[in-house]
Amino acid sequence: MDWGALHTILGGVNKHSTSIGKIWLTVLFIFRIMILVVAAERVWGDEQHDFVCNTLQPGCRNVCYDHFFPISHIRLWALQLIFVSTPALLVAMHVAYRRHEKKRQFRKGDQKCEFKDIEEIRKQRFRIEGSLWWTYTSSIFFRLIFEAVFMYAFYFMYDGFRMPRLMKCNAWPCPNTVDCFVSRPTEKTVFTIFMIAVSSICILLNVAELCYLLTKFFLRRSKKAGNSKQQPNHENKEETKQNEMNELISDSCQNTVIGFSS
Amino acid sequence: MDWGTLQAVLGGVNKHSTSIGKIWLTVLFIFRIMILVVAAERVWGDEQQDFVCNTLQPGCRNVCYDHFFPISHIRLWALQLIFVSTPALLVAMHVAYTRHEKKRRFRNGEKIDIEELKNEKIHIRGPLWWTYTSSIFFRIVFEAVFMYVFYYMYDGYQMPRLVKCEAWPCPNTVDCFVSRPTEKTTFTIFMLAVSGICMMLNLAELCYLVIKICMKESRKTT
């Protein structure tokens with residue numbers, strides 16, 4: 001179970017996302033997870049080994065390292081990425097539940113069920129309306145919260161986003177005050193700022209998606225209120241066809257979700 | 001055979017689980033196994049190399065490390081995750097046996113569609129209910145046992161910065177310093193919390209199954 005498996009799971013969610021959601025997922029995987037795995041982990045790889053203190057006192061280096069780096073940047077990013085990806089699974093679970101209900105209806109022979117085949121149910125793309133809208137919107141909300149919390153935790157724990165070259169340590173058993181030198185501080189600062197920037201872009205994408213969903217919801221409601229006064233069926237059918245065409249154009253992913261596809 | 005293979009094996013069990021069971025499996029894979037693989041293993045990676053003792057005595061560091069860390073946290077978690085995942089295989093075996101019996105009846109001439117058989121979701125009733133419930137029970141027992149073993153072996157869940165060692169050949173008492181104690185404490189508490197959540201999910205699933213069977217029984221009698 002590693003980042004590849006998470007990619008497979010979230011790829012399935014992609015099918016039911018909005019266009020902004022798909023962009024967010026791409027940015028997450030390429031500019032955050034991939035950067036973490038191929039670059040950042042090497043930069044932080046020797047962080048304790050090359051953390052050098054100007055003392056021969058055994059244990060002083062360990063204690064100073066622990067004091068200045070309670071949780072390593074890499075681990076914080078890994079936790080952030082996992083927490084930020086997870087709300088999308090709520091959407092996957094909701095979709096799987098709906099599919100399960102439709103399959104049950106189909107098996108019972110319900111005439112309301114418009115599908116001719118169980119394969120059609122499996123491939124169906126659900127539109128983001130009704131209860132799924134609420135699930136999807138809550139998942140975006142939670143993503144925003146988690147992103148903000150982790151960015152704040154970073155800022156609080158490391159007193160900003162810059163990695164200093166030198167730290168002065170006077171924790172026991174270090175004698176008096178000892179100078180300790182961090183390994184690759186400039187490279188670490190560059191990557192920290194990069195990851196913060198991409199995190200902010202992801203927050204903006206999530207806010208945009210939230211606004212888009214809210215706007216869509218209110219427009220739909222006002223159209224329904226308007227339509228109920230005029231002709232009930234004709235305009236809705238045309239609008240539905242146009243929406244379906246738009247969705248077909250924007251739909252691209254056919255990945256399956258592990259454990260949820262049944 | 002690694003965590004990916006375990007995921008493939010348990011993914012099949014997922015089809016026959018309740019909704020709570022599916023949530024439990026997701027939590028297990030994403031918040032426990034994945035955290036273990038991508039984060040915790042790196043934190044504990046240099047645990048012996050950066051375990052430093054204030055002495056030049058050869059062998060003292062080895063002996064002290066062995067004395068304070070009889071089994072590393074990472075190995076204990078790996079064992080816990082394997083033991084906790086395994087009862088689900090009882091369910092998989094039972095389902096496979098049920099299918100095998102149906103196929104045998106089909107071959108003996110009874111009219112059953114073999115494709116439908118393969119894709120059929122088997123309901124949690126009768127002997128499968130007992131198998132499923134025992135598997136949840138064993139999961140809960142294994143979780144509790146490992147949580148207790150952790151607590152007993154490491155005298156709580158906090159990783160100290162300094163441990164004082166008097167084992168031979170260390171001269172008198174020697175100060176030994178653990179590598180990354182704060183980060184280790186954070187991850188220990190995180191894994192403990194998720195373990196607690198998994199236990200709650202298992203208890204909820206057990207209650208759900210018991211209530212379901214009691215309601216079914218009461219419907220039958222009325």
Side-chain angles (χ1 to χ4, degrees), chain A residues 1-6 8-10 33 36-37 41 44-49 51 56-72 74-79 81-83 85-86 89-90 92-93 96-97 100 103-104 107 118 122 157 171-173 257-262, chain B residues 2-8 10-17 19 22-23 25-40 42-43 45-46 49-56 61 81 116 119-121 159 161-162 174-187 190:
Chain A
M1 185 74 199
D2 58 358
W3 296 114
L6 188 72
T8 313
I9 293 175
L10 291 182
I33 295 179
L36 185 82
V37 170
E41 280 185 352
W44 269 266
D46 57 5
E47 56 176 336
Q48 187 167 336
H49 198 252
F51 181 77
L56 292 171
Q57 171 63 46
C60 174
R61 193 178 70 101
N62 281 28
V63 160
C64 291
Y65 178 81
D66 186 61
H67 181 256
F68 287 108
F69 301 104
I71 306 177
S72 169
I74 290 282
R75 256 70 71 184
L76 271 177
W77 283 325
L79 284 172
L81 291 168
I82 290 170
F83 274 85
S85 316
T86 317
L89 296 177
L90 290 174
M93 285 191 231
Y97 171 74
H100 176 76
K103 277 187 192 169
R104 215 165 45 87
R107 283 200 192 102
I118 245 180
R122 248 181 228 153
M157 226 183 260
W172 186 87
V257 175
I258 286 179
F260 295 117
S261 58
S262 59
Chain B
D2 59 358
W3 295 114
T5 321
L6 186 73
Q7 189 191 15
L10 290 181
V13 174
N14 203 17
K15 207 161 73 167
H16 309 283
S17 304
S19 310
K22 289 174 183 165
I23 295 171
L25 210 71
T26 310
V27 169
L28 183 82
F29 277 113
I30 297 189
F31 289 101
R32 294 175 81 178
I33 295 181
M34 194 166 168
I35 295 283
L36 186 80
V37 170
V38 308
R42 312 286 161 92
V43 177
D46 56 5
Q49 198 179 329
D50 283 336
F51 181 77
V52 166
C53 290
N54 187 2
T55 179
L56 292 171
R61 192 178 72 104
L81 291 168
E116 213 183 281
N119 297 333
E120 189 195 347
K121 181 189 158 169
M159 181 70 78
R161 260 186 194 180
L162 163 73
V174 164
D175 290 336
C176 291
F177 300 88
V178 178
S179 148
R180 312 181 202 252
T182 311
E183 205 165 0
K184 286 178 180 171
T185 306
T186 309
F187 274 95
F190 180 87

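FYI, side chains are in, hydrogens and waters are out, and symmetry mates aren't considered; it's all heavy atoms of this structure.
In this structure, the separation between CZ on A/Arg61 and OG on B/Ser179 is 8.5 Å, given to the nearest 0.5 Å. B/Leu36 contributes atom CG, which lies 12.5 Å from atom CG of A/Asp2 (distance to the nearest 0.5 angstrom). Atom-to-atom distance recorded for B/Met34:CE and A/Leu6:CG is 4.0 Å, nearest 0.5 angstrom. Put simply, CD1 on B/Ile23 and CG on A/Leu89 are 11.0 Å apart, with the number rounded to the nearest 0.5 Å. For the atom pair B/Ile30 CD1 and A/Ile82 CD1, the distance stands at 8.0 Å (nearest 0.5 Å).
Between B/Phe187 and A/Leu79 there is a side-chain heavy-atom pair separated by less than 4.5 Å. Contact annotation: the side chain of B/Thr182 never approaches that of A/His67 to less than 4.5 Å [non-hydrogen atoms, C-beta and beyond]. B/Asp50 has its side chain within reach of A/Gln48: a pair of non-hydrogen atoms, C-beta onward, lies under 4.5 Å apart.
Interface residue B/Cys53: only backbone heavy atoms are found under 4.5 Å from chain A. Looking at B/Thr186, only its side chain comes within 4.5 Å of chain A, counting heavy atoms on both sides. At a 4.5 Å heavy-atom cutoff, the contact between B/Asp46 and chain A is made by side-chain atoms alone. Contacts between B/Leu25 and chain A at a heavy-atom distance below 4.5 Å are absent for every atom of the residue. B/Leu162 touches chain A through its side chain: at least one heavy atom from C-beta onward sits under 4.5 Å away, while N, CA, C and O do not. With a 4.5 Å cut-off on non-hydrogen atoms, B/Asp175 touches chain A through its side chain but not through its backbone.
A/Asn62 approaches B/Val178 most closely through the heavy-atom pair ND2-O, 3.5 Å. Between B/Val38 and A/Glu41, the shortest heavy-atom contact is O-OE2, 4.5 Å.
Comparing B/Asp2, B/Asn54, B/Thr185 by heavy-atom pairs within less than 4.5 Å of chain A, the highest count is held by B/Asn54.
At distances below 3.5 Å, at least one donor-acceptor pair connects side-chain atoms of B/Glu183 with backbone N or O atoms of A/Ser72.
In this structure, A/Tyr97 places its OH atom where only 12 or fewer heavy-atom neighbours from other residues, nucleotides or ligands lie under 6.0 Å away.
The aromatic rings of B/Phe177 and A/Trp172 lie tilted to each other, with the angle between the two planes from 30° to 60°.
Electrostatic pairing of A/Glu47 and B/Arg180 counts as a salt bridge here, judged by a charged N lying under 4.0 Å from a carboxylate O.
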